[in-house]
Amino acid sequence: MTAELRTPRDRDAREKPLIEAREISLHVPLVKPGERNLLASPGRLIRDLYLSRSTRVNATLIDGISFSLARGERLGLIGSNGAGKSTLLRVLAGIYQPSSGTLAVQGSAKGLFDISLGMRAEATGLENIYLRGLQMGLGLKRIRTLIPAVMAFSELGEDIEKQLNTYSSGMRLRLAIAISTMVEPDILLLDEWIGAGDAAFNEKVRKRMMELVETSRGLVLATHNTALMKSLCTHGMVLDKGRTTFLGPVDEALKFYAERTAEGEPGLRKP
Amino acid sequence: MTLSLFRFLLRYRQTALGPLWLLIGPALFIALLGSLYAQIGSTTSAQFVPFLAIGLITWNLLSGFTTQAATVFQRDRASLLQGDMTLGRIAMIDVNTNILMFLHQALIIAAVFLIYRVPLGPYALVSLLGLAIVIINGVWVTMLLGILGARFRDLSEILQAIMRIAFLATPIIWMPGEDGRGGVMGHFLAFNPFYHFLEIVRAPLLGTAIAPSTWAVVLVLSACNCLASWFVTRRYGRYVPLWI
């Protein structure tokens, strides 16, 4: 594990960093609900297509962030709500493409976002495992080998053959966590720590998550939980309005963040 | 492809007859309308029913591509936002599902052809070429309308309204006449893109000639579709996760 987070310029040439971001920004044209309506604003379409840059208001979600993540490093993102933590994670996962700057990611960067999204209520638990697996691009054979582990983890037993809409919310959550964590990505992107209802299962989830963290080559975690960040991460980045206000070792980052929050500087939105 | 099949079967999970419903609906439609029109119209049912069967089922494919396209990315919002699938893959899966439905319903065409003993020559193979053109256009149109539909939610409603009218304006439940010019509807036919795409699949199977103008329209529209789809995907594709 390397001791310090290097800036893109003085990184050592021997090993390519897992993630290398240079000045990445994400600008999004603001769309108000009314403008989405073609009939309410027919001119909007024409303007969007031909005069796009002249009339639209752009919102800046990510503003010139640079960092590099080497093998074994774990970066924690901290900042108030709307600071751009989750957005940055989605950019790293390749869901949003940065408007400017370069981003190079080595290996698969997968996130655990909104884990219970996309489960099909009319399908059985087992079918949901297949569906999600196929969506993730796994082959049928690979999924078959993963199923025993998912079933053991979710503790559903015979119920795995039942339709999802007969499940209790706890069962659903257990299955969702089991499915979402069935593949280990090279780079793990976490938007808050995943927790489940009852204490016994929560412990199991914690163990599985730690396993994922240990096996992954790199981790980027977005959180509000400073204690968790301190225990897991090697480095910290403080975000504010899409900008990096601090980047460095985790202790210093947390200290910086605590000071900024306490001061309640105008530049920082209150949490 | 496996995923398309999986989703296709899931859709009919809670019905007793499952995907058979895809056959029963059109089959009833063709049987009833076929016998009715054969009595009141000037054509015999041996002529009209195969025409109706191919027309209706190819229409289902065409309108499936068009109407489904506008909501394709909204429906797969979860897998897009979880980073599981790319736009291209989501579009392809939707196209595959439509093709599966078509292949399934094509059984009706096969049955009708057997019943009426429609003769098939080597010329009928041109229909496969026509089908390939329709499917390639389906891929492009799904990307194009999918991205536009993610931005403008009204598109889905607009398309549904258009397709309902287009179904009546296209010679499916009526024949364009012996000379192929369609009588009063002749002028409309020339400007009806669906007619031309339908014709390149249907005409070879029925042994009627395809007008050179139809090929021209199909090729020009395909080129426009390809260019528009390429442009919109390149320019606006990256905004789709933000719009949905």
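Quantities reported herein were computed from a predicted structural model and do not represent experimental measurements.
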(message) Using heavy-atom distances under 4.5 Å, tell me whether Leu189(A) contacts chain B through its side chain, its backbone, both, or neither.
(response)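 Neither; nothing under 4.5 Å.
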(message) Need one label for Ser180(A): side chain, backbone, both or neither, based on atoms under 4.5 Å from any heavy atom in chain B.
(response)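 Neither; nothing under 4.5 Å.
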(message) Looking at every non-hydrogen atom in both residues, tell me the closest pair between Ile95(A) and Leu81(B) and how far apart they are.
(response)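 Between these two residues, the closest heavy atoms are CD1-O, 3.1 Å.
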(message) Taking CZ in Arg243(A) as the centre, count heavy atoms belonging to other residues, nucleotides or ligands within less than 6.0 Å. Is the count above 12?
(response)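 Counting neighbours around CZ of Arg243(A), 12 or fewer heavy atoms of other residues, nucleotides or ligands fall under 6.0 Å, so no.
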(message) I'd like to know which of Leu134(A), Leu131(A), Leu140(A) tops the heavy-atom pair count under 4.5 Å against chain B.
(response)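 Winner by heavy-atom pair count: Leu134(A).
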(request) Sort Leu87(B) into side chain, backbone, both or neither according to what part of it lies under 4.5 angstrom from a heavy atom of chain A. (result)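 Leu87(B) has no heavy atom closer than 4.5 Å to chain A.
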(message) Side chains of Arg132(A) and Ser79(B), heavy atoms from C-beta outward: is any pair under 4.5 Å?
(response)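 No, too far: nothing below the 4.5 Å cut-off.
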(message) Distance check, rounded to the nearest 0.5 Å: Gln82(B) atom CD versus Met136(A) atom CE?
(response)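 So the CD of Gln82(B) and the CE of Met136(A) are separated by 8.5 Å.
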(request) May I ask you to decide whether Lys110(A) forms a salt bridge with Asp84(B), counting only side-chain N to carboxylate O separations under 4.0 Å? (result)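 Between Asp84(B) and Lys110(A) there is no salt bridge, as every charged N stays at least 4.0 Å from the carboxylate O atoms.
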